[in-house]
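Accompanying notes for the structure given below.
Keep in mind the model is a prediction, meaning the values are calculated, not measured.
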Amino acid sequence: YEFDHDFGTGPGVKVVVTVASLEHDLFGSTEVDAIVEFPGSGRVPERGESIAFNGTLTAVDPLMRNFTVRAATRT
């Protein structure tokens with residue numbers, strides 16, 4: 001990205017990673033996602049590719065069931 005609503009001015013790579021799936025009696029299956037910023041203009045992971053990362057947790061949105069991670073690196 002050159003500019004992103006979550007991360008501001010780039011360059012960077014924004015990736016949405018499903019980290020868990022929760023079962024609930026009323027709502028069925030719900031996914032928990034990490035919105036991850038990889039600095040620079042690195043390779044964008046392919047859909048369905050497994051990745052591991054380390055970064056700084058900067059926000060949690062319990063209603064949307066996601067959290068934001070900045071300055072991530074692949075591990």
Side-chain angles (χ1 to χ4, degrees):
Y1 62 86
E2 293 300 318
F3 178 82
D4 180 76
H5 175 71
D6 293 314
F7 301 120
T9 304
V13 176
K14 179 179 180 177
V15 179
V16 178
V17 181
T18 300
V19 295
S21 183
L22 308 173
E23 294 294 325
H24 191 279
D25 292 339
L26 284 176
F27 305 115
S29 180
T30 302
E31 293 180 340
V32 177
D33 293 328
I35 315 303
V36 183
E37 173 202 32
F38 291 103
S41 57
R43 186 182 71 81
V44 177
E46 298 291 323
R47 181 179 290 274
E49 179 181 344
S50 293
I51 64 170
F53 58 88
N54 285 325
T56 302
L57 178 66
T58 58
V60 175
D61 186 342
L63 282 173
M64 295 301 294
R65 292 179 177 81
N66 63 35
F67 55 91
T68 305
V69 177
R70 287 182 177 265
T73 57
R74 289 184 182 218
T75 58

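In plain terms, the two heavy atoms of F38 and A72 that are nearest each other are CD2-O, 3.3 Å. Nearest heavy-atom pair, V69 versus G55, reported as atom, atom and distance to 0.1 Å: CG1-CA, 3.6 Å. Across all their heavy atoms, S21 and S29 have their closest contact at OG-OG, 2.9 Å.
In terms of hydrophobic clustering, with Ile, Leu, Val, Met, Phe, Trp and Tyr side chains grouped at heavy-atom distances under 4.5 Å, I35 and V19 are assigned to different clusters. Cluster membership check: V16 does not share its hydrophobic cluster with L57, using side-chain heavy-atom separations under 4.5 Å among Ile, Leu, Val, Met, Phe, Trp and Tyr.
Separating the CG atom in N54 from the OG1 atom in T75 is a distance of 5.0 Å, to the nearest 0.5 Å. One finds the CZ atom of R70 at 5.0 Å from the OG1 atom of T58 (value rounded to the nearest 0.5 Å). Note: F67 CZ to D61 CG = 12.0 Å, rounded to the nearest 0.5 Å.
By the 6.0 Å contact criterion, CD on E46 is open, its count of non-hydrogen atoms from other residues, nucleotides or ligands being 12 or less.
Partner of V36 under the side chain to side chain contact (heavy atoms under 4.5 Å, CB included) criterion, out of V17, D6, I51, T68: V17 alone.
Between Y1 and F7, the angle of the ring planes stays under 30°, which puts this pair in the parallel group of the 30/60° scheme.
E37 places a side-chain N or O within 3.5 Å of a backbone atom of A71 that can act as its donor or acceptor partner.
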